[in-house]
Every structure is written in structure tokens, then in C-alpha cells.
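The chains referred to below are lettered A, B, ... by the order of the sequence lines, with proteins before strands, and numbering in each begins at 1. Here the structure is a predicted model, which is why all the values come from computation and not from measurement. Quick note: numbers below take in every heavy atom, side chains included, and nothing from hydrogens, waters or symmetry partners.
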Number of protein chains: 2
Amino acid sequence: MNDTAIRDPELTRARILESAFELFVDKGFAAVSVREIAERSEVTKSLIHHHFGGKEGLWEAVKEQAFARYYQGQKEELTRAERPGPELLMNGVVRYFEFLRDNPGVVRLFAWAHMEGDSSCSERDGQLVGLGAERVRQAQEKGLLRADVNPTHVVTIFVSLCTQWFEAREHHIDWPGMGTDDEFLDDFLKVFMEGLLPRPDQPKA
Amino acid sequence: MNDTAIRDPELTRARILESAFELFVDKGFAAVSVREIAERSEVTKSLIHHHFGGKEGLWEAVKEQAFARYYQGQKEELTRAERPGPELLMNGVVRYFEFLRDNPGVVRLFAWAHMEGDSSCSERDGQLVGLGAERVRQAQEKGLLRADVNPTHVVTIFVSLCTQWFEAREHHIDWPGMGTDDEFLDDFLKVFMEGLLPRPDQPKA
DNA sequence: GCATTAACTGGCCGACCGGTCAATTGCTGT
DNA sequence: ACAGCAATTGACCGGTCGGCCAGTTAATGC
């Protein structure tokens with residue numbers, strides 16, 4: 001009657017994914033209804049089912065789209081051949097920090113996924129941490145980092161810190177005395193990197 | 001007919017709160033139904049409404065019960081008069097770490113509350129961090145801790161690390177190379193306490 | 001003992017949930 | 001041109017949601 005009604009399934013899928021992403025980020029899986037997503041992306045509920053098989057399938061697709069880029073980038077970062085040492089570690093931390101800062105939606109989606117016990121995330125996380133830990137171990141062997149700490153713990157420390165900073169950002173950003181993102185990163189690196197220096201006074205406690 | 005049907009509103013409230021706590025911890029607010037809670041605590045749905053005014057009211061009551069003890073304990077800890085310094089800071093971290101280790105349900109409930117943007121939590125958190133930061137600042141003035149880092153950031157670092165460790169515990173606990181709770185705490189204290197020592201080489205950069 | 005109050009029950013409500021299905025409509029290959 | 005297929009629609013399903021209300025029953029105060 002009125003509209004030309006052209007069809008573009010790719011665009012439709014993309015619109016659904018985007019709306020779903022925003023809503024899931026905001027409220028989590030359980031608190032979002034398929035109707036809500038349909039309304040925001042201006043498609044019918046049935047169409048979502050057609051493209052993604054249902055609410056669960058859409059949730060998985062949203063997570064996959066959001067995390068794929070992250071995992072790929074981090075993996076490339078970590079397998080890139082550079083000589084390990086404090087600078088490499090620090091650069092890794094900075095890049096990780098900046099990625100989270102620039103992708104707050106991904107951070108929150110990650111948090112929701114973790115809360116509901118998503119296992120595929122933690123498997124891939126584990127691989128990334130393993131790669132990072134290996135780089136730390138190499139640096140320890142060369143005497144560039146103190147050797148009396150578990151390399152996996154070192155990676156976990158800075159990943160946890162970056163993650164928690166941005167997960168709780170909206171809560172603590174206006175606490176008295178709290179600095180900006182960059183100021184926090186500076187302070188954290190100051191303490192962390194110097195705490196990781198080889199111990200010249202007592203090389204093997 | 002059969003049962004004596006004695007009434008104990010206190011116990012009833014407690015049973016409801018306990019069941020609700022377990023379910024909310026497990027699945028979060030949105031994914032738990034009032035019927036579920038009623039069934040587990042062996043009362044009727046209506047009775048929950050009678051005692052707590054509804055699902056939302058029960059959620060608030062559960063959070064309050066879970067967090068009250070935590071906030072009180074931490075506040076006492078932080079206002080106790082001890083001379084500030086590295087040992088006090090380290091003891092505070094250890095006690096906080098152990099509290100989270102011994103109360104995994106509270107950790108998860110906290111995480112859910114944070115995700116859905118609970119503001120009363122973050123207000124009280126802010127007060128606690130403020131108290132801790134003041135102690136760090138005093139230690140800095142006395143030259144017991146390096147003075148070129150923001151005290152609020154120092155506290156945030158420790159809190160974030162403990163929090164994130166236990167929030168993500170089930171995911172990373174069996175990653176290759178990952179140690180136990182105590183081993184992680186040891187390593188993390190090693191790095192940060194030494195990173196926080198006053199800089200003798202360059203006292204004021 | 002008897003009235004008042006609070007604890008407690010079962011049933012019901014309208015709203016919304018995710019999912020299904022038959023039917024329509026626009027593309028696409030031949 | 002037309003067959004086949006995927007995209008898309010709207011109506012409908014059984015089930016569950018949180019909440020409400022009228023009634024019943026146990027404690028409590030006088």
C-alpha cells in the first residue's frame with residue numbers, strides 16, 4: 001500500500017544485534033524481553049526468532065559479536081614477537097586498560113556473562129592469561145622481572161585491576177579523592193611496575 | 001486437622017530471607033521468581049508480600065541484611081586507632097581478603113547489586129574507601145609509604161583486587177598455573193607492598 | 001472470655017513472557 | 001515469467017509473572 005518494503009536481511013540482523021546489545025548491556029539477560037528488543041530494532045518478535053532461533057540464541061550471538069574482536073586483538077597482541085620485559089608488560093597493561101576504557105559496553109556485557117556463569121568466556125580468558133603468563137615467565141628467566149612471584153598471578157593482578165576499575169567506574173568515579181582514568185592508571189603502574197622489579201637487595205629470598 | 005500450626009513471624013521472616021538470599025546470590029534479582037522463594041522457604045507467596053511488601057522490598061531487605069554486618073565490621077576496622085603504616089595497610093588488606101573468602105554469597109550479591117546500579121552500596125563503599133585513604137595519607141605524611149601516589153587510588157587498588165579475585169574465582173581457579181587463594185594473596189602483597197615502599201633513590205621525583 | 005490485631009492461606013487477576021505457526025511478500029536464479 | 005525460497009508479518013498459544021484480596025486462624029491485650 002504505502003511503503004516499498006525493501007528487504008536487507010544483513011542490515012536487519014545487524015539492527016537486532018545492536019538493539020539487543022544495548023539492552024543486554026544495560027539490564028542483563030534475564031531482565032530484557034524479546035518484545036523489548038523487537039520494538040527497539042523495529043522488527044517483529046517472530047523475526048528475531050527466525051534469525052537467531054530465540055532469546056538464548058540472540059544472547060549468544062550478541063556475546064560472540066562483542067567478544068570476538070576483543071579476543072582476536074588481545075591474542076595478536078600477546079603472540080606478537082617482542083622481547084619480554086617490563087616495557088612489554090607495561091604496554092600490554094596500557095593497551096588492555098585503554099581497550100576497556102573505549103568499550104564500556106563490552107565490559108558490562110562481560111560482567112553479566114561472568115555472573116551467569118558463561119564458560120566459553122572463561123575458557124578463552126584462560127588462554128589469554130596463559131599467553132601473558134608465558135611472556136612474564138620469559139622476562140623472569142632473563143632477570144628482567146622478579147622471579148619470586150607466580151607469572152599467572154602477575155597477569156591476573158593487572159587484568160583484575162583494569163576490569164574492576166571499569167566495572168565499578170560509575171560508582172566510584174565521583175568519590176572524593178578519586179582521580180581520572182589516566183591518573184589511576186599512572187598510580188597503579190607506578191606501584192605495580194616498581195613492585196615487580198628484580199630485587200637487587202635479596203635476589204633469592 | 002493434622003498440625004499444631006504454631007506461629008513464629010521472626011523465624012518466618014528469617015526463613016524467607018535465607019531462601020531469598022541463596023536464590024538471589026545464585027541467579028540475580030531478575031531471574032528469581034517470588035514463587036520460587038516461597039516454595040524454598042515453605043511459605044506462601046502472599047506471606048512474602050505481607051512481610052516484605054513485594055519482590056523489590058524483599059530484595060532490599062536481603063541486601064541490607066547481607067551488607068549491614070560487612071559495613072559495620074569494616075568501619076570499626078578502619079576507625080580503630082592504630083598508627084598507620086605498611087603493617088596496618090597489609091593487615092587491613094588481609095582481613096578484607098579473608099572476609100570475602102569466607103562470605104562468597106555476599107561477594108556475589110554485591111556484584112549483582114552493583115550491576116543493577118544500586119546506589120546505597122556505592123555510597124557506603126565510598127565512605128569506607130575514604131576512611132582507608134585517610135589512613136594511607138597519614139602514613140604517607142610520616143614517610144612510611146611513598147607519597148607520590150593518590151591515597152584513594154591505593155585503597156581502590158587493594159579493594160578492586162580482592163573483589164575481582166573472588167568475583168571471578170570460579171572461572172579462573174582451575175586455570176593452569178593459577179595458585180590458591182593464599183598464594184595469590186602472598187604474591188599480590190609482595191608486589192604492592194614493596195611497590196608502595198618510600199622511594200629512597202629518588203625521594204621526590 | 002472476648003475483641004483486636006497480625007500471621008497466614010488459597011484463589012484469582014491482568015499483564016507479560018518466549019515460542020509457534022500459517023500466511024504473505026519480496027528477492028533470485030533460471 | 002515463474003518457481004522456489006528466505007524474509008517478514010500478525011495472531012495466537014500455554015505458561016508464568018508479581019500482586020491483590022477476601023477469608024481463616026493463631027497470638028495478644030484487657
Side-chain angles (χ1 to χ4, degrees), chain A residues 1-65 112-113 116-118, chain B residues 1-65 112-113 116-118:
Chain A
M1 184 66 78
N2 40 8
D3 42 12
T4 44
I6 55 165
R7 291 181 178 182
D8 187 342
E10 295 288 327
L11 184 78
T12 301
R13 278 183 62 100
R15 284 228 317 280
I16 295 172
L17 277 171
E18 192 191 338
S19 301
F21 176 78
E22 294 167 359
L23 286 167
F24 284 145
V25 161
D26 199 32
K27 310 197 273 182
F29 177 76
V32 174
S33 74
V34 178
R35 281 171 169 83
E36 228 175 333
I37 300 169
E39 193 174 346
R40 179 183 286 230
S41 48
E42 292 175 314
V43 299
T44 50
K45 196 163 51 78
S46 318
L47 198 48
I48 292 179
H49 190 81
H50 173 70
H51 280 299
F52 299 97
K55 191 187 180 186
E56 210 88 30
L58 176 54
W59 172 236
E60 294 301 323
V62 166
K63 285 192 290 187
E64 188 54 36
Q65 185 196 247
W112 287 117
E116 54 158 47
D118 186 296
Chain B
M1 182 66 77
N2 40 7
D3 43 11
T4 43
I6 54 163
R7 290 182 180 184
D8 187 342
E10 294 290 327
L11 184 77
T12 302
R13 277 183 63 98
R15 284 227 319 278
I16 296 172
L17 277 171
E18 191 191 339
S19 302
F21 175 79
E22 294 166 358
L23 286 166
F24 284 145
V25 161
D26 198 32
K27 309 198 272 182
F29 176 76
V32 173
S33 75
V34 178
R35 283 173 170 82
E36 227 175 332
I37 300 169
E39 193 175 346
R40 178 183 287 229
S41 48
E42 292 177 314
V43 299
T44 52
K45 198 162 51 80
S46 317
L47 197 48
I48 292 179
H49 191 81
H50 173 71
H51 280 300
F52 299 98
K55 190 187 178 184
E56 210 89 30
L58 176 55
W59 171 236
E60 294 301 324
V62 165
K63 285 191 291 187
E64 189 53 36
Q65 185 195 247
W112 287 117
E116 54 159 47
D118 187 296

Handout entry: Main-chain N/O of Ala30(A) paired to Lys27(B) side chain as donor or acceptor, under 3.5 Å
Key = no
Problem - Contact under 4.0 Å: Ser46(B) side-chain N or O vs dC21(D) OP1/OP2 - result: no
Problem - N/O donor-acceptor pair under 3.5 Å between Trp112(A) side chain and Val25(A) backbone - result: yes
Handout entry: Expected output: side-chain Glu39(B) to main-chain Glu36(B) donor-acceptor under 3.5 Å
Key = no
Fill in the blank from the handout: Contacts of Gln65(A) meeting side chain to side chain donor-acceptor pair (under 3.5 Å) (sequence neighbours excluded), chain-then-number -> none
Practice task
Using atom CZ of Arg15(B) as one end and atom P of dA7(C) as the other, report the distance to the nearest whole Å.
Solution key: 15 Å
Practice task
Would you indicate, yes or no, if dA7(C) has its OP1 or OP2 atom less than 4.0 angstrom from a side-chain nitrogen or oxygen of Thr12(B)?
Solution key: no
Practice task
Would you check, one step at a time, whether the test salt bridge (charged side-chain N to carboxylate O under 4.0 Å, His left out) holds for Arg40(A) with Glu18(A)?
Solution key: CA-CA 9 Å; Arg40(A) 179 183 286 230; Glu18(A) 192 191 338; over 6 Å; no
Handout entry: Between dA6(D) (C1') and Glu10(A) (CD): distance, integer Å
Key = 13 Å
Practice task
Pull out every residue in residues 22-42 of chain A that has a heavy atom closer than 4.0 Å to any atom of DNA chain C, ordered by number, or say none.
Solution key: Val32(A), Ser33(A), Val34(A), Arg35(A)
Practice task
Give, for atom NE2 of His51(A) and atom CZ of Arg15(A), the distance between the pair rounded to the nearest 0.5 Å.
Solution key: 10.0 Å
Problem - Val43(B) side chain, from C-beta outward: closest of dG26(C), dA27(D), dT9(C) - result: dT9(C)
Exercise for the section: Assess whether one donor atom and one acceptor atom, taken from the side chain of Arg7(A) and the base of dT8(D), lie less than 3.5 Å apart. Expected result: no
Practice task
Using heavy atoms and a sub-4.0 Å distance, could you list which residues of residues 47-63 of chain A are near DNA chain C? By number, please.
Solution key: His49(A), Gly54(A), Lys55(A)
Problem - Out of dG10(C), dA26(D), dA7(D), whichever nucleotide has its closest atom nearest the side chain of Pro9(A) - result: dA7(D)
Exercise for the section: Quick one: do Arg13(A) and Glu10(A) satisfy salt bridge (charged side-chain N to carboxylate O under 4.0 Å, His left out)? Show the steps, please. Expected result: CA-CA 5 Å; Arg13(A) 278 183 62 100; Glu10(A) 295 288 327; 5.9 Å; no
Practice task
Taking the six-membered ring for Trp and the single ring otherwise, decide whether the centroids of Trp59(B) and Phe24(B) are under 6.0 Å apart.
Solution key: yes
